[in-house]
Asker: 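Pasting a structure below so you can have a look.
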Amino acid sequence: MKSDYTVKTLDGKEQIFLSSQEFNDPTKVNSGNPEGKVHYSEVTFLNSGGKCEIDMPISKKAVAKIVVENHLLKGNEVDADAEKKFISIKGTKFSERKNVLNGPKVIIIEK
């Protein structure tokens, strides 16, 4: 279920890119999700390079709703204050969890 979205202004300039990501989390294993897959979207603000993560939107309409509800576009550009607030609120909880699960590997060499 790979879905990437690009948010553009009315004049066609790309502003925001949402890239679908996934990882396996053993704590999410259940009968409906036997592999414990976690799906999320990495949100990249193309002008600033700012990033955060959200639960994965499942449609263009869902992406539009996120942009409108968070006031991310103002005129023909991303509203910088709204972007900072959005990034602060959403954070990077998915990649942080993925890093914990993939954490540092310790190799023990016995003599």
Asker: With heavy-atom distances below 4.5 Å as the criterion, would you say the side chains of Asn47 and Gln15 are in contact?
Answerer: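 Yes, at least one pair of side-chain atoms sits under 4.5 Å.
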Asker: With heavy-atom distances below 4.5 Å as the criterion, would you say the side chains of Tyr40 and Lys98 are in contact?
Answerer: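 Result yes, sub-4.5 Å side-chain heavy-atom pair found.
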Asker: Checking one residue: Ile16. Which other hydrophobic residues are in its cluster under the side-chain 4.5 Å linking rule?
Answerer: Tyr5, Val7, Leu18, Val43, Phe45, Ile54, Val63, Ile66, Val67, Leu72, Leu73, Val78, Phe86, Ile87
Asker: Is the number of heavy atoms from other residues, nucleotides or ligands under 6.0 Å of Lys84 NZ greater than 12?
Answerer: no
Asker: With sequence neighbours excluded, tell me which residues meet salt bridge (Lys or Arg N to Asp or Glu O under 4.0 Å) with Glu96.
Answerer: none
Asker: Sequence neighbours left out, what passes side chain to side chain donor-acceptor pair (under 3.5 Å) with Thr27? Give chain and number order.
Answerer: Asp25
Asker: Counting C-beta onward and ignoring hydrogens, is there a side-chain heavy-atom pair between Gln21 and His39 closer than 4.5 Å?
Answerer: no
Asker: When you compare the side chain of Ser48 with that of Glu83, does any pair of heavy atoms fall below 4.5 Å?
Answerer: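 In contact.
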Asker: As an exercise, state the distance from NZ of Lys90 to CG of Asp55, rounded to the nearest 0.5 Å.
Answerer: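 Output value for this atom pair is 7.5 Å.
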Asker: For the backbone of Val29 and the side chain of Asn33, can you confirm whether one donor and one acceptor N or O come within less than 3.5 Å of each other?
Answerer: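 Such a contact is absent between Asn33 side chain and Val29 backbone.
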Asker: Can you tell me how far apart NE2 (His71) and NZ (Lys85) are? Round to the nearest 0.5 Å.
Answerer: 7.5 Å
Asker: Taking NZ, NE, NH1 and NH2 as the nitrogens, is one of them in Glu42 or Lys51 under 4.0 Å from a carboxylate oxygen of the other?
Answerer: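 Salt bridge: yes.
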Asker: Distance from Glu22 atom CD to Phe94 atom CZ, nearest 0.5 Å?
Answerer: 13.0 Å
Asker: Taking side chain as C-beta onward, heavy atoms only, is Leu101 less than 4.5 Å from Pro26?
Answerer: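 Yes. Closest side-chain heavy atoms under 4.5 Å.
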Asker: Just how far is it from atom CD of Glu14 to atom OG1 of Thr6, taken to the nearest 0.5 Å?
Answerer: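 Nearest 0.5 Å value for the CD-OG1 distance: 5.0 Å.
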